[in-house]
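Lettering follows sequence order; numbering is per chain, from 1.
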2 protein chains.
Amino acid sequence: MPIIAVKTLERLILYRRQLLALFSEGKRFVFSHDLAAISGSTSAKVRRDLMEIGYSGSTVRGYEIKSLIRSLGDFIDASKPLSVILVGAGDLGKAIISYFLERREKLVIAAAFDPDAGKTDGLIRGCPCFHTDRMQSFIRENDIQVAILAVPAGEARAAAAALAEAGITGILNYAPVRLELPDTVYVENRDMCMALEKTAFYARASRERVTMREGFS
Amino acid sequence: MPIIAVKTLERLILYRRQLLALFSEGKRFVFSHDLAAISGSTSAKVRRDLMEIGYSGSTVRGYEIKSLIRSLGDFIDASKPLSVILVGAGDLGKAIISYFLERREKLVIAAAFDPDAGKTDGLIRGCPCFHTDRMQSFIRENDIQVAILAVPAGEARAAAAALAEAGITGILNYAPVRLELPDTVYVENRDMCMALEKTAFYARASRERVTMREGFS
DNA sequence: TATTGGTTGTGATATTTTTCACAGCGCTAT
DNA sequence: ATAGCGCTGTGAAAAATATCACAACCAATA
Ligand SMILES: NC(=O)c1ccc[n+]([C@@H]2O[C@H](COP(=O)([O-])OP(=O)(O)OC[C@H]3O[C@@H](n4cnc5c(N)ncnc54)[C@H](O)[C@@H]3O)[C@@H](O)[C@H]2O)c1
Ligand SMILES: NC(=O)c1ccc[n+]([C@@H]2O[C@H](COP(=O)([O-])OP(=O)(O)OC[C@H]3O[C@@H](n4cnc5c(N)ncnc54)[C@H](O)[C@@H]3O)[C@@H](O)[C@H]2O)c1
């Protein structure tokens, strides 16, 4: 039912990044197997993924990087540059703001919101930070669709509900909490504990594999 | 070929978290459909996932939470509590340290490493922070397997290579860079830009879906 | 004791995603 | 010309993952 598979979208986003790097290195064309190699994919997958967005290359030169980047952008990005808001200007929130300042992408953090009086109505590294009271009206007035949620776990559900009520349709959630929201809101969970547990699991598996191999040699 | 599917592992980790919450609420038994509801899964998937780790419940009471948590732990966790190191004590790194201080999990950050003289040989919120020079010997002496990588993009490749050389088998990578490492090292990428682009994409899709539905009603 | 009701564990089936493999193409070199 | 090469686009097969659906189970109840 979804127009495109999640995994395909992730790869498309990755391809675009790698293509931008290639382009800035002066490359103008790329073959599916090269793009695969630098993206950790396979040539067949690359070709299939690009087929998905209706892009065609040449059998002789491969894909023209510039136009492919444009096609990927047409597919991935919104027509207008997208504003997002940050909810929760704690340690993580501040790190996110400073991270986004460096990068000049299509995605910009329009404002941050935090109930803590010490931080409100000021600027965090150039990004305006308002009191949470003003969050919903800001979303409505500026037609914000996406929010990054970096509030304490105990606050996450309530904050997410407020976001959904104000019309947000996508939440990037850093709190280790499952948000239960109407399915009009897309939630992407970035749970650090989960990521670390997963990494630890495969680290262990990897080490055991190596140990086993040594046993054979 | 992998002993367990990635997605299954992710769900198992999630189940455990939800079960811990249920247990602390005083619940002692849970049915597959309840666990599914709070984990965003389905009852069939829950049952299959638990089958995967060889856990059995009762048809009458469901699963006994305490023993299920134990079984999940046996499967997911290492036998000893696992130490991880943090590489790069910048904004993100510091946020990660303070995050892990709050939580008392099986996973502990043993030390941080940063080449910046202003931070070295000191403590960051109680976590020892050493100069990068000492990183490899620390890994070897303490038999560290897992590292969290939060260095600037330009440094990521070199830092990852150093980690791999010292024997790290799992890297949780926050830099927006694809690491090319021998396949003895498991790499989990947590690319924030990718996450945000993905969220924005589905936010847009969701909004369009809603708009379309309104058109029908 | 027999019936009911609601659950698990799991074969069987359906769907999704990946991989295979090759026809067909356009450039190059002869 | 035309043969050869190495690539793309894609149908078809395979593999991975999710879903269905039901026998077997057991406590509660009549
Ligand atoms: N620090 C990390 O590296 C890290 C990593 C992964 C996940 N997380 C999660 O991200 C969240 C934030 O982490 P942190 O370390 O920045 O915590 P923090 O306590 O430093 O910051 C949380 C901020 O949210 C604000 N806040 C509280 N309620 C709010 C509300 N209703 N609306 C808006 N803002 C509100 C607080 O005033 C505070 O400034 C937590 O849920 C944490 O579990 C953190
Ligand atoms: N800040 C965020 O929220 C955020 C989010 C996603 C991804 N990232 C990525 O995470 C990384 C770190 O982000 P940040 O905001 O903390 O950057 P930062 O510049 O604040 O911190 C980077 C730290 O790494 C240290 N460092 C440099 N080279 C090193 C090396 N070889 N070994 C160990 N440490 C080294 C620096 O001294 C600095 O303290 C970047 O790659 C960034 O793109 C950051």
Side-chain angles (χ1 to χ4, degrees), chain A residues 1-15 18-19 22 27-72 75 183 198 201-202 205, chain B residues 1-15 18-19 22 27-72 75 183 198 201-202 205:
Chain A
M1 197 60 169
I3 302 147
I4 191 168
V6 180
K7 289 209 168 184
T8 304
L9 179 63
E10 285 176 357
R11 285 193 301 263
L12 291 175
I13 292 170
L14 199 57
Y15 299 155
Q18 306 293 3
L19 289 168
L22 286 181
K27 293 249 171 51
R28 290 298 175 262
F29 287 86
V30 69
F31 293 124
S32 61
H33 61 263
D34 296 321
L35 186 50
I38 58 178
S39 312
S41 186
T42 66
S43 62
K45 246 189 282 187
V46 167
R47 294 200 298 277
R48 207 149 291 265
D49 290 342
L50 299 190
M51 203 174 106
E52 205 86 2
I53 64 164
Y55 186 85
S56 277
S58 129
T59 58
V60 178
R61 294 156 170 271
Y63 302 99
E64 204 221 327
I65 293 179
K66 203 191 232 164
S67 77
L68 179 49
I69 289 171
R70 185 150 14 86
S71 291
L72 285 167
F75 185 84
D183 67 356
K198 203 173 140 187
F201 181 91
Y202 285 111
Chain B
M1 196 61 171
I3 303 147
I4 190 170
V6 180
K7 289 215 171 180
T8 304
L9 179 63
E10 285 176 357
R11 285 193 300 263
L12 291 175
I13 292 170
L14 199 58
Y15 298 156
Q18 307 294 2
L19 288 168
L22 285 182
K27 293 251 170 50
R28 289 300 174 261
F29 287 87
V30 69
F31 292 124
S32 60
H33 61 263
D34 295 322
L35 186 49
I38 57 178
S39 312
S41 186
T42 66
S43 62
K45 248 189 283 189
V46 166
R47 295 200 299 274
R48 219 169 264 271
D49 291 341
L50 298 189
M51 204 176 106
E52 204 87 3
I53 64 166
Y55 186 87
S56 278
S58 128
T59 57
V60 178
R61 295 156 168 267
Y63 302 100
E64 205 222 327
I65 293 180
K66 202 193 237 165
S67 77
L68 178 50
I69 289 171
R70 186 150 13 87
S71 291
L72 286 167
F75 185 84
D183 67 357
K198 203 172 141 189
F201 182 90
Y202 286 111

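- We find that CZ of A:Phe31 is positioned 12 Å from C1' of C:dG26, with the value rounded to whole Å.
- The distance between atom CZ of A:Phe29 and atom C1' of C:dC27, rounded to the nearest whole Å, is 13 Å.
- Taking only side-chain nitrogens and oxygens, B:Arg11 comes nearer than 4.0 Å to OP1 or OP2 of D:dA18.
- Counting non-hydrogen atoms under 4.0 angstrom, B:Ser43 reaches nothing in the nucleic acid.
- As rounded to whole Å, 12 Å separates atom P of C:dT10 from atom CG of B:Leu50.
- Atoms CZ (B:Arg48) and P (C:dA14) sit 15 Å apart, rounded to a whole Å.
- With C:dT10, C:dC27, D:dT10 as the candidates, the nucleotide lying closest to the side chain of A:Arg47 is D:dT10.
- The OG1 atom of B:Thr8 sits 11.0 Å away from atom CD1 of B:Ile13, with the distance rounded to the nearest 0.5 Å.
- The minimum heavy-atom distance between B:Ser41 and B:Val46, with the atom names listed, is OG-CG2, 4.1 Å.
- One can place CE of B:Met51 at 14 Å from P of D:dA18, the figure rounded to the nearest angstrom.
- Between the CD atom of B:Glu10 and the P atom of D:dA18 there is a distance of 10 Å, given to the nearest Å.
- A:Asp49 has its CG atom 14 Å from the P atom of D:dT10, to the nearest Å.
- Looking at heavy-atom distances under 4.0 Å, B:Thr8 makes no contact with the nucleic acid at all.
- The residue among B:Lys45 and B:Thr59 whose nearest nucleotide of DNA chain D is located toward the 5' end is B:Lys45.
- B:Glu64 and B:Arg28 are not joined by a salt bridge, as no carboxylate oxygen comes within less than 4.0 angstrom of a charged side-chain nitrogen.
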(request) In sequence, state the C-alpha distance, the side-chain angles, and the governing distance for B:Tyr63 and B:Ser58, and then conclude on side-chain hydrogen bond (donor to acceptor under 3.5 Å, both in side chains). (result) CA-CA 6 Å; B:Tyr63 302 100; B:Ser58 128; over 6 Å; no
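- Side-chain nitrogen and oxygen atoms of B:Thr42 include at least one within less than 4.0 Å of the OP1 or OP2 phosphate oxygen of D:dT19.
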(request) Given ring-ring contact (aromatic ring centres under 6.0 Å, His included), test B:Phe201 with A:Phe75 step by step and report yes or no. (result) CA-CA 9 Å; B:Phe201 182 90; A:Phe75 185 84; 5.4 Å; yes
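- Residues A:Val6 and A:Ala44 each lie close to DNA chain C; by heavy-atom proximity, the contact nearer the 5' end of the strand is made by A:Val6.
- Computed from coordinates, the A:Leu68 CG to D:dG9 P distance equals 10 Å when rounded to whole Å.
- Comparing atom distances between the B:Tyr63 side chain and each of D:dC20, C:dT7, C:dT8 picks out C:dT8 as nearest.
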